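Just so it is clear, the structure is predicted and the values come from calculations on it, not from any experiment.
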Amino acid sequence: MIESLLVANRGEIARRIIRTAKRLGIRAIAVYSEADADLPFVAEADEAVLIGPPNPAQSYRNAEAILAAAKSTGAQAIHPGYGFLSENAEFARTVESSGLIWVGPDADAITAMGDKINARNLMAAAGVPVAPGTTDPAADLDAAVTAAAEIGYPVMVKAAAGGGGMGMGVAVDEAALRTEYDKVRAFAERMFGDGSVLIERYFPRVRHVEVQILGLADGRVVALGERECSVQRRNQKLVEESPSPAVSPELRSRLLAAAVRAGEAVSYRNAGTVECLLDPETNEFFFLEMNTRLQVEHPVTEYVYGIDLVEEQLRVASGLAPTFDPDALTPSGHAVELRINAEDPKRFLPGPGVVRTWVEPIGEGVRVDSGYTEGNTVTPFYDSLLAKLIISGATRDEVLERAKAAVAAFQIEGPKNNVPFFAELLTNEEFLSGAYDTGIVSRMR
């Protein structure tokens with residue numbers, strides 16, 4: 001097993017990884033920016049290294065500073081968490097060429113799945129269903145208009161190098177396409193350094209369902225069930241649950257088999273997620289993208305399958321067998337994750353500030369993965385995620401009842417937060433029925 005691990009991230013995910021590392025007897029090393037010096041993850045690490053000012057480009061995305069920290073502390077491996085450098089193939093390659101262990105898929109898999117057009121084409125070749133769309137970037141606006149006419153409106157205009165719900169727009173006709181194409185292309189060039197754009201069929205009513213996969217050290221790829229991720233704002237997830245209330249046993253079998261084929265197509269190792277769109281009317285699903293990293297919502301899978309995904313990541317990176325029997329995976333119960341963000345509960349606009357009160361809920365089936373505590377300052381430099389409230393139980397109904405109590409008990413004062421939104425969601429009949437889709441938040445607003 002790896003003996004020392006540098007966590008190249010911050011906040012709740014850094015705490016999460018550090019917790020497992022220390023349980024396994026692994027020396028845990030944190031890196032932090034000047035803005036994060038007082039956060040819990042820094043104090044909880046066995047060693048912590050200041051790597052730069054608040055600007056992520058000068059700290060958490062500063063590969064040179066992170067590698068220097070690894071060298072100075074004698075770290076054996078680097079875990080990137082999610083975001084920042086987690087899906088940066090060049091960084092992964094540099095880590096390994098420096099003689100360190102990269103806790104994640106290899107650079108070739110990251111590269112293959114990082115470009116959405118290339119990923120779509122790879123998946124189609126592997127027999128994974130893909131939505132109607134372009135097989136090459138739309139070179140210019142005229143090409144986009146031609147492609148959209150062939151696919152049929154409405155269409156999704158999407159940055160080929162995008163991710164995290166960013167760099168997307170919907171066009172219902174040619175006039176809208178002309179506006180969205182220029183907007184998405186400019187955004188993609190600015191944010192990702194790549195203005196390539198693809199055009200896909202847009203489904204007005206759709207569910208977002210994903211499958212957790214794990215590429216094992218012996219070369220096998222296994223699927224650890226699905227997660228429902230349809231409660232979203234601005235194409236970014238707010239709630240995840242497993243299993244999905246929309247997925248029948250027959251559909252689950254098809255989904256998981258397709259996800260395994262997706263992983264095998266790129267010889268995938270370590271944790272990854274195959275994201276799909278599900279048409280609730282026809283039960284057809286289509287490949288959306290693959291996230292070549294640990295997901296924010298991984299805890300719901302951990303509860304349903306009774307495993308620690310970070311531990312499994314570390315075992316794969318160490319060349320060890322998993323803690324479970326890959327041929328006898330048996331899910332049990334239900335789990336839901338609520339993303340507690342520093343944003344107002346109506347328009348979801350960021351609201352940083354000093355945490356004056358922080359009281360976490362406790363109780364059976366309640367887990368809180370938090371990045372902050374009382375007295376900390378939530379700055380505007382990073383993602384608005386404050387904590388993840390994870391609820392587990394025997395049934396969905398039991399979990400939702402526990403969630404209502406946990407949300408009512410979660411006290412945060414100082415930064416704006418979306419806890420009141422979850423109190424509203426947990427009384428929403430559409431959500432409670434399980435028959436919701438990605439439009440549920442807009443209908444609530």
Side-chain angles (χ1 to χ4, degrees), residues 105 109 112-113 116 119-133 156 165 200-201 203 205-216 220-232 235 237 239-266 268 270-307 309 312 324 326-337 396 434-438:
M113 304 310 290
K116 287 181 169 52
R120 275 175 50 86
N121 296 341
L122 273 172
M123 295 301 97
V128 178
V130 298
M156 176 72 80
E200 286 182 350
R201 177 70 176 166
F203 299 90
R205 182 167 182 262
V206 74
R207 299 183 74 133
H208 188 152
V209 179
E210 64 188 24
V211 178
Q212 175 71 58
I213 64 169
L214 186 68
L216 304 178
R220 284 183 291 176
V221 176
V222 297
L224 299 169
E226 86 284 351
R227 298 186 287 252
E228 173 75 54
C229 308
S230 296
V231 180
Q232 304 179 359
N235 297 313
K237 304 164 189 172
V239 177
E240 299 90 5
E241 61 177 309
S242 183
S244 166
V247 175
S248 66
E250 184 274 334
L251 176 56
R252 179 170 297 113
S253 178
R254 289 192 286 124
L255 262 173
L256 270 55
V260 169
R261 289 199 300 274
E264 291 173 342
V266 290
Y268 200 83
N270 221 278
T273 299
V274 178
E275 305 209 18
C276 298
L277 297 179
L278 172 65
D279 184 335
E281 300 298 331
T282 65
N283 268 351
E284 291 181 283
F285 65 90
F286 304 98
F287 172 80
L288 177 63
E289 64 182 357
M290 184 172 179
N291 295 127
T292 51
R293 54 171 167 79
L294 188 68
Q295 291 277 90
V296 177
E297 57 271 25
H298 73 273
V300 296
T301 297
E302 293 184 320
Y303 274 113
V304 172
Y305 278 85
I307 62 173
L309 269 170
E312 301 307 332
F324 57 86
D327 298 317
L329 286 166
T330 306
S332 177
H334 199 91
V336 169
E337 176 182 290
R396 186 173 191 264
Y436 60 94
D437 57 51
T438 56

Could you tell me the separation between the [atom1] atom of [X] and the [atom2] atom of [Y], rounded to the nearest 0.5 Å?
X: E297; Y: N291; atom1: CD; atom2: CG; result: 8.0 Å
X: E284; Y: L278; atom1: CD; atom2: CG; result: 9.5 Å
X: S242; Y: E337; atom1: OG; atom2: CD; result: 11.5 Å
X: E228; Y: Y436; atom1: CD; atom2: OH; result: 4.0 Å
X: F203; Y: T282; atom1: CZ; atom2: OG1; result: 8.0 Å
X: S248; Y: N283; atom1: OG; atom2: CG; result: 5.5 Å

Min side-chain heavy-atom separation V274-C276 under 4.5 Å: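 The answer is yes; the side chains approach within 4.5 Å.
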
Heavy-atom side-chain contact between I213 and Y268 under 4.5 Å: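 Yes, their side chains come closer than 4.5 Å.
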
Should [X] and [Y] count as an ion pair when the cut-off is N to O under 4.0 Å?
X: E210; Y: K237; result: yes
X: K116; Y: E200; result: no
X: E281; Y: R205; result: yes

Taking all non-hydrogen atoms of both residues, which atom of [X] and which atom of [Y] are closest, and how far apart?
X: A223; Y: L256; result: CB-CG, 3.7 Å
X: R207; Y: P245; result: NH2-CG, 3.6 Å
X: P129; Y: F285; result: CB-O, 3.2 Å
X: A262; Y: M123; result: CB-SD, 3.3 Å
X: V221; Y: V260; result: O-CG1, 3.7 Å
X: V209; Y: S244; result: CG2-OG, 4.3 Å

Criterion side chain to side chain contact (heavy atoms under 4.5 Å, CB included) on L309 and I307, from CA distance to verdict: CA-CA 6 Å; L309 269 170; I307 62 173; 4.1 Å; yes

CA sep, side-chain torsions, deciding dist, call: L224, H298, side chain to side chain contact (heavy atoms under 4.5 Å, CB included): CA-CA 10 Å; L224 299 169; H298 73 273; over 6 Å; no

S230 and T438: CA distance, side-chain angles, deciding distance, side chain to side chain contact (heavy atoms under 4.5 Å, CB included) verdict: CA-CA 5 Å; S230 296; T438 56; 4.1 Å; yes

Worked check of side chain to side chain contact (heavy atoms under 4.5 Å, CB included) between V266 and T292: CA-CA 11 Å; V266 290; T292 51; over 6 Å; no

Of E275, E240, Q212, the residue whose pairing with Q295 passes side-chain hydrogen bond (donor to acceptor under 3.5 Å, both in side chains):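 The passing option is E275.
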
Test ring pair (Phe, Tyr, Trp, His ring centres under 6.0 Å) applied to Y305 - qualifying residues, sequence neighbours left out: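 Testing Y305 for ring pair (Phe, Tyr, Trp, His ring centres under 6.0 Å), a comparison that skips the adjacent residues, returns none.
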
